[in-house]
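Read through the structure below, which is laid out as structure tokens, and then see the notes.
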Amino acid sequence: MLGQVGWLLALLLLAGPAVAAAGAGPKPAPSIAVDSLRRLLTLPQTDYDRVLLLCQVSDQLWTQNTDSAAVYARRALALAQRIHFRSGEGEALNRLGAALRESNLARALEVFQQSLRIAETIHDRALMAQNLRSIGIIYVYLRDQRQGLAYYFRALEIGQQLHDEHREVIELSNIGLAYDLFGQLDSSRIFQERAYALAHRLHTPTNYILYGLGNVARKQGHIAQARIFYRESIVESKKVHHLRSLNFAYVGLATLYQTIGRTDSSIYYARLGCEAAQKNGFLRGVLNASTLLTQDFKRRDFPDSALKYQSLMLVMKDTLFGQEKVMRLQSLNYREQQRAQAAAASQAALRSRYRTYALLAGVVGLLALALLLGRHARQQERAREALEQSLSELKTAQEQLVQREKMAFLGELTAGIAHELQNPLNFVKNFAEVSTDLVDEITGDPRDPSRSTGLEAEILAGLKQNLQKISQHGQRATSIIKGMLEHSRTGTGHRVLTNVNTLVEDSLRLAYQGLQAKEKGFTAQLTTSYAPGLPHVSVVPLDMGRVLINLLTNAFHAVQQRQRQGTDPAYVPEVTVSTHSGPGRVEIRIRDNGTGMSDKVKAKIFQPFYTTKPVGEGTGLGLSLSHDIVTTGHGGTLTVESEEGQGTEFIISLPV
């Protein structure tokens with residue numbers, strides 16, 4: 001089915017990375033490979049070739065940005081389903097599962113199982129092995145050693161039967177990493193060394209293998225040897241532009257330095273690992289790096305930095321191990337059980353038909369059929385018992401995981417709030433003590449000739465100033481508590497079809513009137529452009545209204561700040577709001593001509609507790625909460641475009 005670009009596609013299929021836990025061969029720089037594949041997509045070709053090209057683009061982007069990889073996987077899946085290309089559908093589902101594995105574990109498992117069923121139907125053994133490996137990775141994430149290793153070894157067996165040594169490298173490395181995770185270091189070292197020897201002979205990348213060998217050496221106390229393995233893994237990961245394995249190596253090296261008490265080096269490499277994981281969208285990598293950074297900064301007694309990374313760690317834990325996702329996994333396994341029961345019912349109906357045929361065929365046929373049905377019944381019983389045992393073990397593990405995470409969240413959240421509230425409450429305490437002394441001073445003997453009227457006025461002025469400070473810092477503590485409560489909301493509102501233009505107009509009015517009520521005399525030019533005939537969008541109106549009001553309030557603050565600077569006498573504050581309709585999406589744009597942001601500020605603007613407002617005016621949770629509502633709660637995107645000194649534009653994109 002390869003068209004006129006088939007020969008070049010075949011070369012890229014050999015060079016591109018597999019969706020797995022180790023490199024499968026020499027890789028071109030991802031940006032170069034992606035550009036080449038995108039140019040191929042613009043050429044005339046068959047739809048079958050286009051599906052495979054889209055899968056290859058997803059492969060290349062997976063090592064750099066999982067969100068972009070998911071976009072191309074979905075395009076490949078839609079095209080394959082439209083042209084009834086079963087093999088391409090299975091490949092696209094596998095890529096989509098790999099892209100979703102960090103943000104939606106239950107959905108990823110469901111997609112991998114669907115791809116595996118297609119591979120079994122069309123007898124594609126290579127795709128079967130790839131899905132077995134992918135499902136094994138999920139069970140290893142869930143700390144299910146028996147299930148995870150069972151899938152890994154099945155994938156290894158198929159690779160050996162296909163005489164695919166590149167695939168064997170991947171499976172051996174995965175098995176070694178799994179044994180390392182479960183504390184079986186000798187087994188881990190044996191499989192990693194086998195993978196390394198085979199990869200060295202095939203001249204394929206060893207970045208993941210070197211990381212695994214470094215882990216074993218570190219845990220066995222061979223510090224110098226572990227450092228060498230981690231550094232070699234970092235060099236090779238950079239060479240093949242693999243951000244995920246780069247995160248592993250950085251975090252491993254940071255853990256090593258933390259173990260030997262070199263906290264500064266641990267912080268340095270953990271930060272590098274966190275940056276690599278954030279750029280890739282690798283949430284588990286962000287969790288591991290932020291956990292190390294939280295521990296290191298607590299040891300160094302840097303509470304602000306510790307709180308920053310602790311908050312990031314909590315967000316990652318909630319995304320990866322939240323109660324809702326565990327319940328979805330339980331629901332998924334229940335559906336699989338229902339499917340098995342339906343298959344068993346179908347088998348029972350078939351057995352009934354067999355019995356009818358046996359009666360018509362005579363005694364001999366009846367005896368033969370009875371033997372066959374007996375064997376089938378025993379097989380079904382063994383399968384049912386194995387499934388029940390597996391489900392029972394998984395349920396027990398999930399309940400234990402939920403309980404541990406709940407207790408961990410409670411302790412970490414309590415510590416975080418205590419650290420954040422400590423400063424304003426200390427200010428309140430200190431100013432209250434000073435005010436008490438001033439009151440004692442002014443209520444002394446009024447006949448004291450040494451006391452003057454001017455001194456009393458000065459004491460009263462100081463007392464008034466102290467009371468203002470107490471009120472200011474009390475308000476600061478209140479805003480912190482309010483922000484933390486809003487950030488902890490689980491989004492239980494119901495979605496309804498909503499007129500976006502009306503929602504935007506109401507939010508603009510509320511935000512503008514709210515600021516005018518607090519800032520007397522403030523005015524700004526409001527420019528609106530609403531697309532006519534905009535389709536209604538399914539949203540939670542209260543949550544989306546909070547997002548719009550937050551963004552609009554920020555825009556008004558930005559133009560007010562630039563107006564106060566007074567550098568341009570002709571400057572007129574202006575906020576522009578517009579809506580647009582695109583293919584399958586609705587866009588809301590909020591632009592101001594305020595102070596703008598630098599590239600450094602833009603990179604951090606959606607991080608929890610990061611704010612550009614003066615102390616006491618912001619908690620740093622508004623934009624983080626807004627980003628979470630739009631992306632996680634509504635499946636959309638929230639992006640920012642800004643130029644320092646020129647203004648800022650926030651863009652909300654929602655699926656229709």
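Computation of the quantities below employed the complete heavy-atom set of this structure, encompassing side-chain atoms and omitting hydrogens, waters and symmetry-equivalent molecules.
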Contact check, side chains of [X] and [Y], non-hydrogen atoms, under 4.5 Å:
{"X": "Gln220", "Y": "Asp186", "value": "yes"}
{"X": "His166", "Y": "Val169", "value": "no"}
{"X": "Ile175", "Y": "Phe153", "value": "yes"}
{"X": "Tyr141", "Y": "Ile137", "value": "yes"}
{"X": "Tyr151", "Y": "Val140", "value": "no"}
{"X": "Trp62", "Y": "Arg101", "value": "yes"}
{"X": "Leu53", "Y": "Val57", "value": "no"}
{"X": "Gln258", "Y": "Leu292", "value": "yes"}

Please report the closest heavy-atom contact between [X] and [Y], naming both atoms and the distance.
{"X": "Ile223", "Y": "Leu256", "answer": "O-CD1, 3.7 Å"}
{"X": "Thr294", "Y": "Tyr309", "answer": "OG1-C, 3.3 Å"}
{"X": "Ala217", "Y": "Gln225", "answer": "CB-OE1, 4.1 Å"}
{"X": "Ser237", "Y": "Asn207", "answer": "OG-CB, 3.4 Å"}
{"X": "Ser173", "Y": "Ala195", "answer": "N-CB, 3.8 Å"}
{"X": "Ala226", "Y": "Arg218", "answer": "CB-N, 3.5 Å"}

Please walk me through it: do Asn247 and Asn280 pass side-chain contact (heavy atoms from CB on, under 4.5 Å)?
CA-CA 9 Å; Asn247 162 263; Asn280 177 248; over 6 Å; no
Using 0.5 Å steps for rounding, measure from the [atom1] atom of [X] to the [atom2] atom of [Y].
{"X": "Glu89", "Y": "Cys55", "atom1": "CD", "atom2": "SG", "result": "11.0 Å"}
{"X": "Asn174", "Y": "Phe191", "atom1": "CG", "atom2": "CZ", "result": "12.0 Å"}
{"X": "Ile234", "Y": "Ser245", "atom1": "CD1", "atom2": "OG", "result": "10.0 Å"}
{"X": "Ile209", "Y": "Thr204", "atom1": "CD1", "atom2": "OG1", "result": "6.5 Å"}
{"X": "Leu198", "Y": "Glu193", "atom1": "CG", "atom2": "CD", "result": "13.5 Å"}
{"X": "Ser115", "Y": "Leu77", "atom1": "OG", "atom2": "CG", "result": "9.5 Å"}

Run the salt-bridge test on [X] and [Y] with the 4.0 Å N-O cut-off and return the result as yes or no.
{"X": "Asp124", "Y": "Arg86", "value": "no"}
{"X": "Glu110", "Y": "Arg107", "value": "yes"}
{"X": "Arg194", "Y": "Glu168", "value": "no"}

For the pair [X] (side chain) and [Y] (backbone), establish whether a donor and an acceptor sit closer than 3.5 Å, ignoring hydrogens and angles.
{"X": "Thr631", "Y": "His627", "value": "yes"}
{"X": "Thr259", "Y": "Thr255", "value": "yes"}
{"X": "Gln295", "Y": "Ser290", "value": "no"}
{"X": "Gln45", "Y": "Leu43", "value": "yes"}
{"X": "Ser265", "Y": "Arg262", "value": "no"}
{"X": "Ser266", "Y": "Tyr257", "value": "no"}
{"X": "Ser187", "Y": "Gln184", "value": "no"}

Could you please spell out the steps behind the side-chain contact (heavy atoms from CB on, under 4.5 Å) verdict for Leu312 and Cys274?
CA-CA 10 Å; Leu312 181 59; Cys274 190; 3.9 Å; yes
Can you say whether the rings of [X] and [Y] are parallel (under 30°), tilted (30 to 60°) or perpendicular (over 60°)?
{"X": "His242", "Y": "Tyr208", "value": "perpendicular"}
{"X": "Tyr211", "Y": "Tyr230", "value": "tilted"}
{"X": "His200", "Y": "His203", "value": "tilted"}

Are more than 12 heavy atoms from other residues, nucleotides or ligands located less than 6.0 Å from atom NE2 of His222?
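Yes, the 6.0 Å shell around NE2 holds more than 12 heavy atoms from other groups.
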Test log, rule side chain to side chain donor-acceptor pair (under 3.5 Å), inputs Gln389 and Glu393
CA-CA 6 Å; Gln389 181 181 0; Glu393 292 174 355; 3.3 Å; yes
Determine whether Arg189 and Asp180 satisfy the following criterion, salt bridge (Lys or Arg N to Asp or Glu O under 4.0 Å), listing intermediate values before the conclusion.
CA-CA 8 Å; Arg189 178 178 53 80; Asp180 169 50; over 6 Å; no
Between Tyr250 and Tyr268, is the ring-ring contact (aromatic ring centres under 6.0 Å, His included) condition met? List the steps.
CA-CA 9 Å; Tyr250 277 141; Tyr268 173 78; 7.8 Å; no
Does the pair His241 and Leu246 meet the rule for a side-chain contact (heavy atoms from CB on, under 4.5 Å), with working shown?
CA-CA 8 Å; His241 305 278; Leu246 187 61; over 6 Å; no
Dump the intermediate steps for side-chain contact (heavy atoms from CB on, under 4.5 Å) on Arg201 and Glu165, then the final yes or no.
CA-CA 10 Å; Arg201 179 165 63 80; Glu165 292 185 324; 2.8 Å; yes
Single hit among Arg384, Arg378, Gln379 for side chain to side chain donor-acceptor pair (under 3.5 Å) with Glu381:
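The single option meeting the side chain to side chain donor-acceptor pair (under 3.5 Å) with Glu381 is Arg384.
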Assess the side chains of Gln56 and Gln60: does a donor N or O sit below 3.5 Å from an acceptor N or O?
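Note: Gln56 and Gln60 side chains miss the donor-acceptor criterion.
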Would you say the side-chain atoms of Thr46 and Asp49 include a donor-acceptor pair closer than 3.5 Å?
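Yes, Asp49 and Thr46 have a side-chain donor paired with an acceptor closer than 3.5 Å.
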Cation-pi, Tyr72 ring and Arg95 (6.0 angstrom, 45 degrees):
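No cation-pi geometry.
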